[in-house]
Amino acid sequence: MSEENKVNNDQEAKNSTPIIEVIDAKKVYKVGNERVQALDGVSFTINKGEFCSLLGTSGSGKSTLLNIMAGIETITSGQVFIKGKEVTAMGENKLAKFRQRYLGFIFQAYNLINSMTAIENVELPLIFKEVPTSKRKKMAKEMLIKVGLEKRLTHKPTQMSGGQQQRVGIARAFVQKPEVVFADEPTGNLDSKTSKEVMGIMKQMARDNEQTIVMVTHDKEMARYADKIIEIHDGKVIDIRKGEGIVG
Ligand code: ADP
Ligand code: MG
């Protein structure tokens with residue numbers, strides 16, 4: 001066993017507290033007279049500090065599952081618990097507060113605001129949390145330095161490469177130290193070298209503060225970075241296995 005794997009195993013033994021529990025999740029979309037069974041009884045747990053990949057081909061139900069876990073989409077039946085709280089039973093207001101307090105998001109298309117600088121984009125979640133301006137600027141700047149963008153602080157998204165924009169996306173997701181970060185195909189628009197860099201940064205960030213990452217991907221190469229791989233096919237879990245937990 002390599003030193004790296006040994007470290008991962010030791011960490012796993014320490015951190016076997018479940019932070020996310022999905023119990024028999026089902027989702028049916030109705031479009032006209034058609035019913036689409038996007039999730040067909042999905043159950044698993046993710047432990048605190050774990051980096052978990054949800055792997056599957058296009059249309060397998062990954063985004064639906066992630067969005068239900070994050071409280072963005074409603075569930076048809078079943079339950080999702082995060083930190084022991086049933087997300088699938090929360091009303092809009094409670095859910096909004098819960099998301100603000102505990103969850104971060106990274107998107108394939110970065111979803112940055114084009115009229116704002118890198119710093120301003122990273123500040124956004126802190127504005128919602130009513131962090132005072134000077135503290136906010138300082139925190140945003142520190143995060144951007146951590147992701148290697150010290151020379152791009154006042155650049156706007158259109159003045160940056162895809163990889164740089166996703167680094168801003170990562171800085172924004174992690175700036176308020178959320179316990180869980182959800183990422184939907186975060187490297188989907190990036191070349192393979194940049195994808196590896198972005199994965200490395202995400203892992204480093206999460207490791208610094210024992211944060212949990214749930215990442216959706218169709219790409220086996222990216223899934224390997226995770227500690228745990230949950231493979232989905234046609235709305236069902238077909239395999240749960242250890243990832244390689246590649247570091248950076
Ligand atoms: P993935 O992210 O793995 O590509 P999705 O979760 O986006 O898969 O989709 C799973 C299935 O649910 C697909 O068959 C898709 O067409 C369907 N689906 C997703 N979102 C909707 C929606 N809003 N309305 C109807 N069907 C949907
Ligand atoms: Mg998807």
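These numbers come from a predicted model, not from an experiment. Whatever order the structure lists them in is the order used to number ligands and atoms, beginning at 1. Computed over heavy atoms, backbone and side chain alike; hydrogens, waters and symmetry mates excluded.
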When you check the gap from the basic side-chain N to the acidic O, do K236 and D234 get nearer than 4.0 Å?
-> no
For the pair F107 and F105, name the ring-plane relationship: parallel under 30°, tilted 30 to 60°, perpendicular over 60°.
-> parallel
Closest heavy-atom contact between I230 and C52?
-> CD1-SG, 3.6 Å
Cut-off under 2.8 Å, centre the Mg ion (ligand 2), protein N/O/S atoms = S63 OG
Please assess K30 against E34 for the test salt bridge (charged side-chain N to carboxylate O under 4.0 Å, His left out), listing each intermediate value before the final yes or no.
-> CA-CA 6 Å; K30 292 195 187 81; E34 293 281 316; over 6 Å; no
Identify whether the distance between the nearest side-chain nitrogen and carboxylate oxygen of K193 and E197 falls below 4.0 Å.
-> yes
Indicate whether any N or O donor in one side chain lies under 3.5 Å from an N or O acceptor in the other, for T194 and D191.
-> yes
Per the under 4.0 Å non-hydrogen criterion, ligand 1 touches Y29, V31, V36, A38, T57, S58, G59, S60, G61, K62, S63, T64
Taking atom types as modelled, find out whether K129 and Q100 have a side-chain donor-acceptor pair closer than 3.5 angstrom.
-> no
How close do T57 and H233 get, heavy atom to heavy atom, and via which atoms?
-> OG1-ND1, 4.3 Å
Quick one: CE on M205 to CZ on R167, what's the gap to the nearest 0.5 Å?
-> 10.0 Å
